[in-house]
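Since the structure comes first, as structure tokens, the remarks are kept for the end.
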Amino acid sequence: MSDQSAPLQQPYSRAYEQMLEKVRYDGAYPTREKAEEAVRLVLAGLGRQLTGDERVELAARLPLEAARILTAQIPDLQPLTGWAFVKDLAARTGASLATTRWDTGSVFSAVAAYAGLDLLTRILHQLSSGYALLFGRAELTPAA
């Protein structure tokens, strides 16, 4: 007789497992669960900032589980700078700014790999200042 009280665990797709492993490795997280916490936090935050075609295209390129986290969020009316984004995530979790910055960089590294150079460039053009550094890219400003 089976135990009816135990919840059924749906396995993650292979692509999402690989994404979690990349974040775990790049972020030096001790467990996959810690990496997944970071992925959920940062993708939800990005989902509150990203809109339009870039949001749709990024969701299409991410593993299904990651795309669901991103698209489950309603975009904020007030866009945040990169630094304000990190501060907002830290406030939501109670984590330190340094830890949240680390989490953001680790997850954005994986997101950038899925996005590709062209889409990432378009995403960075849409977002407020300060996100390029979070994605590990130089933030260049046009000459006056």
Side-chain angles (χ1 to χ4, degrees), residues 5-144:
S5 64
L8 295 175
Q9 291 287 327
Q10 293 294 326
Y12 293 133
S13 69
R14 182 81 175 121
Y16 188 61
E17 293 278 352
Q18 290 172 336
M19 181 182 193
L20 293 177
E21 282 305 311
K22 177 174 178 32
V23 171
R24 180 179 178 192
Y25 180 80
D26 290 350
Y29 293 101
T31 64
R32 195 183 78 184
E33 289 74 23
K34 291 290 187 190
E36 186 172 15
E37 285 176 26
V39 167
R40 289 184 175 283
L41 172 72
V42 175
L43 283 179
L46 184 59
R48 290 188 294 274
Q49 295 300 306
L50 196 57
T51 61
D53 291 342
E54 290 78 13
R55 177 185 172 105
V56 172
E57 193 171 335
L58 179 60
R61 293 183 185 194
L62 290 172
L64 180 61
E65 296 88 344
R68 285 182 176 155
I69 297 165
L70 178 82
T71 59
Q73 304 303 309
I74 298 170
D76 288 340
L77 297 176
Q78 182 68 29
L80 299 174
T81 64
W83 180 236
F85 177 82
V86 171
K87 289 181 3 183
D88 178 65
L89 294 181
R92 288 173 186 269
T93 63
S96 72
L97 290 173
T99 299
T100 305
R101 169 60 180 93
W102 183 267
D103 291 346
T104 303
S106 299
V107 174
F108 278 0
S109 173
V111 169
Y114 282 97
L117 187 59
D118 291 340
L119 177 56
L120 182 57
T121 299
R122 292 190 350 249
I123 288 170
L124 292 174
H125 277 62
Q126 182 192 118
L127 296 171
S128 299
S129 67
Y131 283 89
L133 293 174
L134 296 173
F135 276 98
R137 294 186 51 188
E139 183 145 5
L140 304 175
T141 56

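For clarity, every value in this text was computed on a predicted model and none was experimentally measured. Sequence positions, counted from 1, serve as the residue numbers for this chain.
Among residues two or more places apart in sequence or in another chain, the side-chain hydrogen bond (donor to acceptor under 3.5 Å, both in side chains) test is passed with Ser13 by Glu65. Thr81 is linked by a side-chain hydrogen bond (donor to acceptor under 3.5 Å, both in side chains) to nothing, counting only residues two or more places apart in sequence or in another chain. Residues that satisfy the side-chain contact (heavy atoms from CB on, under 4.5 Å) test with Arg48, not counting sequence neighbours, are Ala44, Gln73, Asp76, Asp88, Leu89, Arg92. Listed by chain and residue number, nothing satisfies the side-chain hydrogen bond (donor to acceptor under 3.5 Å, both in side chains) test with Thr31 (two or more places apart in sequence, or in another chain). Residues that satisfy the side-chain contact (heavy atoms from CB on, under 4.5 Å) test with Ala66, not counting sequence neighbours, are Tyr16, Met19, Leu43, Leu62, Pro63. Here Lys87 pairs with Trp83, Leu97 under the side-chain contact (heavy atoms from CB on, under 4.5 Å) rule; sequence neighbours left out. Phe135 pairs by the ring pair (Phe, Tyr, Trp, His ring centres under 6.0 Å) definition with Phe108, not counting sequence neighbours.
Residue pairs that meet the ring-ring contact (aromatic ring centres under 6.0 Å, His included) test with at least one member in residues 43-78, sequence neighbours left out, do not exist here. Within the structure, the salt bridge (Lys or Arg N to Asp or Glu O under 4.0 Å) test picks out the following pairs touching residues 119-134 (sequence neighbours left out): Glu54-Arg122, Glu57-Arg122. Within the structure, no pair that satisfies the salt bridge (Lys or Arg N to Asp or Glu O under 4.0 Å) test touches residues 128-137, not counting sequence neighbours. Under the ring-ring contact (aromatic ring centres under 6.0 Å, His included) criterion, no residue pair touches residues 36-66, with sequence neighbours excluded. Here salt bridge (Lys or Arg N to Asp or Glu O under 4.0 Å) pairs that include residues 98-121, with residues two or more places apart or in two chains, number zero.
When each of Thr99, Val42, Leu41 is tested with Thr104 by the rule side chain to side chain contact (heavy atoms under 4.5 Å, CB included), just one qualifies, namely Val42.
In this structure, the side chains of Leu46 and Leu58 come closer than 4.5 Å at one or more pairs of heavy atoms.
Within 6.0 Å of the CZ atom in Arg68, the count of heavy atoms belonging to other residues, nucleotides or ligands does not exceed 12.
Nearest heavy-atom pair across Ser128 and Leu80 is CB-O, 3.4 Å. Taking each heavy atom of Leu20 and Val39 in turn, the nearest pair found is CD2-CG2, 3.9 Å. The two residues Ser106 and Gly27 have their closest heavy-atom pair at OG-CA, 3.2 Å.
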